[in-house]
Amino acid sequence: MTPPLPRHLRRDMPTRAAYSSDASVYRRVPAAIVEPESVDDIRTAVVYAQSRGWPIIARGGGSSVAGNAIGDGLIIDTSRHFNRIMSIDPEARTATVEPGVVCDQLRDAAATFGLTYGPDPSTHSRCTIGGMAANNACGSHSVAYGTSADNLVAVTLLLADGREVQFTAKGCDDPGIDAQLRKLAADNRDLIAAELGRFPRQVSGYGLHYLASDAAKAIAGSEGTLGIITQLTVSLVEKPHHTALAVLAFDTVFDAARAAVRALLPGVATVEGMGGDLLAALRSKNGQEHAGEMLPGGEKAGGWLFCETSGATLAEALALAQTVTDECAPTDSLIVSDPKQMRELWWIREASAGLVTRLPDGSEAWPSWEDSAVPPEHLADYLRDLYALMEKHGLRGIPFGHFGEGCVHVRISFDFSTDEGVRVFRQFMEDAAVLVTSYGGSLSGEHGDGRARSELLGHMYSPEMLALFQQFKAIFDPTRVFNPGVLVDPDAVTQGIRLDQGQRSLEITPIHALSHDQGSLINAVNRCVGVSACRSASDAMCPTFQLTGDELDSTRGRARVLSEVFRGESVDVDDAIEALDLCLSCKACASECPVNVDMATYKAELLHHRYDKRRRPMAHYVMGWLPISAFLMQKIPGAARLVNAVFGVPRLARTVATVAGLDAGRPLIRFANTPLRRWSKKRAHTGGGSRVVLWPDTFNSSLDTGASTAAVEVLERLGFDVIIPREFVCCGLTWHSTGQLTTARKVLRHSARVMRPYLDEGLPVIGLEPSCTVMLQREATELSDDVDVARLSAAVIPFADVIAPRITELVEEGLLEAGNLSVLTQVHCHERSLGTPENTSALLDALGINEEQIQTGCCGLAGNWGFEKGHAEMSFQLGERELFPRVRATEGDVLADGFSCRTHIEQGTGAQAKHAAELVLDALVRAGRQKPIEPLSFRARLF
């Protein structure tokens, strides 16, 4: 009898490609994925997989760095639907959860009771409790709260035969399994005592040393090889009343490692370490050129310790931080207690896993020897020897990790693209296993052994212990269907590396220079190491994933699909375009991803490759060529009024949208009856001071001119002489977002030639539309090596960057009175990612306007994306995440510098959002500032 199909079973190639890797260097294309909602769904899936002869792999957030969460059989992903918090018992300080609950989700829920979940790996915003238990994750606060095993109260497993069995401190509720486990522990008491549980971070292998005292804890770290976790009860701890953070700088990372033991005082919750090269790696990251300036010691420091202290009062926490500082004798130090400062500093440490995958010179570094651990008193000597071993093999890496417990994370410059590079990788792994064992250490200090290190367990454990591991697995999984290749009968460390030569079977020659990736689109896509920051609910990346919860809609999932395209085996370009259809090109990943994966650029390149010299979707022509059609419409008297009249008739508008390949569920845009250039030509010229050029972007010059006319008035009242180019100029954004890259480059070159006279004068070019400004400042020089394009790019400056200092001067000089107003700001996604929104905030602050910002990033329209067929419904859903409800509730003004944002707000709520230029004009009018103000030496200071 054929078993029933599981619910939510997915076998399409793009989805399978998205699950082909985790945060490791390994690749396994699964046969299928299932996203269960219940235990019955999992049971059905397990039966179905066995009927097909598929191995079974459990997966949570997929943030495993050792290849624990991949396989060529059935992936059971509990993160999307099987993720409920069943109960929290504040008296017992426990929580019972389904395995797909994200760590931060549980911590937020526990915070209501003044409690938290202790383990907090750097991926706490997206890793799941089930995955943490399976890999025995720990995190920064492990010196206080221990490992996931230490915090596991009870765990339920679903076995291959469909039974659910529960483990607690008392044992297993299945008498047969319980008896076998007790016998295994009793018969091998001396062997277990000699080889296991020697120090807290000895995580490699199975935790058999827990069997005698707490069977539940023995399931932790089993890496999905025993069964599928269906429920967990975990312990909670009291949140500290007050905390402080001491950041200690040392001459070398070895000095930091040696001092870590001295920092282990009562009340110290973290003793985290980083190597000095990390600062250089951080500053090589897009948009982080000045990051890390808070770190004591600056560029001279060779290493740091992050020591968080707690106390009943803030004074106690600060006093302990000073005691730790005195005890460790750093070369420089910083003690902070302000939550914002602490978050900024912790971000550096938590982003390390992604940051150090790119070394300061831009070369790649990879996990595998990822989280080895030694007793902390040996850490400095082990680190020194590890550096020497890397040098011996011609490798480099930047260490960071949990120095207080002797656990070191490091990403190393392995070369997987050549046979010699793979040989060096294997030899290094063997030598490193011997090295860490010589210090009484562990191949893994957290996150498990996976496919990265299971083969090397023979260096650490005796043959008798390895045989005992085999017996332990057989008690649960005698047919070995769960996560084969891990821990028992392991895969070779070189088997199935995803970065091998086969990944370069198809090369797509990019139009972008991709200057940070040696001009290779494959190298660019390989930036994604899978740390899965794109799955975090707290960031702007990735909007559609936050809405759907579908791995395929995450930036990582899309990168995995593109990687499979380059292999040319099973995923073609059309599959990839379909998979990237819900990418908004919002650019959030370009900054929020720790390694600057820029999916908007990769999507543009893919669209260019697919449709080069081929017929495109109609929406590409309609939306991509909008700047030309809008400019030409200005030349025809009455054209805008006629088009607007047609668009105003619902039936005609729907017909137009359908023919144009647009979504009939969204109102069409309107054209300005009086475009900017015509308005400017007719009005009296009041400027006369420093000359500036206002960039006449399509959106603010031809569609909604309120922002541009206000900007002209503001600039003139502040003493500037405003020039508006009469010829057609454009940044090329709409062609770029639709993948018409050669046209975008031509448009840029044309625009730069038009602007040449102004550039020759050295005039600044003021941008109003954030997406256009970012396109000119950031993207233009990657698309074109034209000298004039480079000059134009360097001349562009956002409106707020020009105005904020001047308004501040006026207020300070008493020439302009600050108000007492409030505004809700929707920062344009491109500006948030790659621009300078802080200058708009400074402008509002100078005007006395209290600002609150929307935190969810992209508004949901995303330029042409929200108008394209099939996108309108999701576009409005994205607006409903936060933007629309808060706009409806606000009593003050709504600020949105982006035309798309203002359009989406109006269509979703009926509210009329304003550009910053309109708010400034309102303030100047209220102050009676009609005549130009002498600009003093402002222009010289600014430009």
Side-chain angles (χ1 to χ4, degrees), residues 36-39 42 58-61 63 77-158 164-173 207 210 213-222 224 227-241 243 269 310 446-447 535-538 549:
E37 295 185 28
S38 66
V39 173
I42 296 176
R59 178 168 170 139
S63 56
D77 180 357
T78 60
S79 67
R80 190 172 186 184
H81 302 302
F82 200 50
N83 54 14
R84 293 174 297 168
I85 297 174
M86 310 300 289
S87 64
I88 293 178
D89 185 340
E91 298 299 322
R93 293 188 178 179
T94 61
T96 299
V97 301
E98 292 175 335
V101 170
V102 169
C103 179
D104 275 359
Q105 179 188 353
L106 175 58
R107 294 168 78 194
D108 290 344
T112 305
F113 306 98
L115 303 172
T116 190
Y117 181 53
D120 60 338
S122 60
T123 54
H124 55 79
S125 62
R126 61 269 193 194
C127 66
T128 63
I129 302 297
M132 290 174 66
N135 295 343
N136 206 0
C138 307
S140 301
H141 290 79
S142 58
V143 295
Y145 305 133
T147 67
S148 290
D150 295 325
N151 291 271
L152 189 57
V153 176
V155 59
T156 302
L157 286 181
L158 189 143
E164 273 192 291
V165 293
Q166 186 181 58
F167 298 84
T168 64
K170 297 179 180 179
C172 179
D173 65 356
Y210 289 116
S213 59
D214 192 334
K217 293 177 175 21
I219 304 303
S222 56
I228 305 297
I229 295 175
T230 57
Q231 188 169 281
L232 308 94
T233 298
V234 297
S235 59
L236 303 175
V237 295
E238 186 178 359
K239 292 188 69 174
H241 292 91
T243 59
S310 60
E446 61 178 332
H447 307 319
R535 290 175 58 99
S536 300
S538 58

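All heavy atoms count here, side chains included; hydrogens, waters and symmetry mates do not. Given the structure is predicted, the values throughout are model-derived calculations rather than measurements.
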Problem - Arg84 backbone acceptor or donor facing Glu98 side chain under 3.5 Å - result: yes
Practice task
Give a yes-or-no answer on whether the side chains of Ser148 and Asn136 include a donor-acceptor pair shorter than 3.5 Å.
Solution key: no
Exercise for the section: For Asp120 and His141, indicate whether the former's side chain and the latter's backbone hold a donor-acceptor pair under 3.5 Å. Expected result: yes
Practice task
Please report the shortest heavy-atom distance between Ser63 and Thr123, naming the atom on each side.
Solution key: OG-OG1, 3.8 Å
Practice task
Measure across Gln105 and Asn83 and return the closest heavy-atom pair with its distance rounded to 0.1 Å.
Solution key: NE2-O, 3.3 Å
Problem - Verdict with reasoning, Leu106 to Val234, per side-chain contact (heavy atoms from CB on, under 4.5 Å) - result: CA-CA 10 Å; Leu106 175 58; Val234 297; 3.9 Å; yes
Exercise for the section: Would you give the length of the straight line joining atom CG of Asn151 to atom OH of Tyr117, rounded to the nearest 0.5 angstrom? Expected result: 5.5 Å
Handout entry: Heavy-atom side-chain proximity of Val102 to Arg535 below 4.5 angstrom
Key = no
Exercise for the section: Establish, from distance only, whether the side-chain atoms of Ser310 and Thr243 form a donor-acceptor pair under 3.5 Å. Expected result: no
Completion exercise
One should read off an interatomic distance between Ile129 CD1 and Thr96 OG1, to the nearest 0.5 angstrom, of 12.0 Å
Practice task
If a pair satisfies salt bridge (charged side-chain N to carboxylate O under 4.0 Å, His left out) and one of its residues is in residues 87-96, list it, with sequence neighbours excluded.
Solution key: Arg93-Glu238
Problem - Candidate pair Thr116 and Val237, rule side-chain contact (heavy atoms from CB on, under 4.5 Å), full reasoning - result: CA-CA 5 Å; Thr116 190; Val237 295; 3.6 Å; yes
Handout entry: Nearest-0.5 Å distance that lies between atom CG in Asp214 and atom CD1 in Ile219
Key = 10.0 Å
Problem - Over all atoms of both residues, closest heavy-atom pair of Leu157 and Phe167 - result: CD1-CE1, 4.0 Å
Handout entry: Leu152 CG to Met132 CE distance, which is reported to the nearest 0.5 Å
Key = 11.0 Å
Fill in the blank from the handout: Nearest heavy-atom contact between Tyr210 and Asp150 is OH-OD1, 3.6 Å
Handout entry: pair Pro121-His447: side-chain heavy atoms closer than 4.5 Å
Key = yes
Handout entry: Closest contact, heavy atoms only, Pro99 versus Ile229
Key = CG-O, 3.2 Å
Exercise for the section: Calculate, to the nearest 0.5 Å, the distance between atoms SG and CG belonging to Cys103 and Asp108 respectively. Expected result: 9.5 Å
Exercise for the section: Quick one: closest heavy-atom pair of Ala110 and Leu236, and the distance? Expected result: CB-CD1, 4.0 Å
Problem - Donor on one side chain, acceptor on other, His124 and Asp104, under 3.5 Å - result: yes
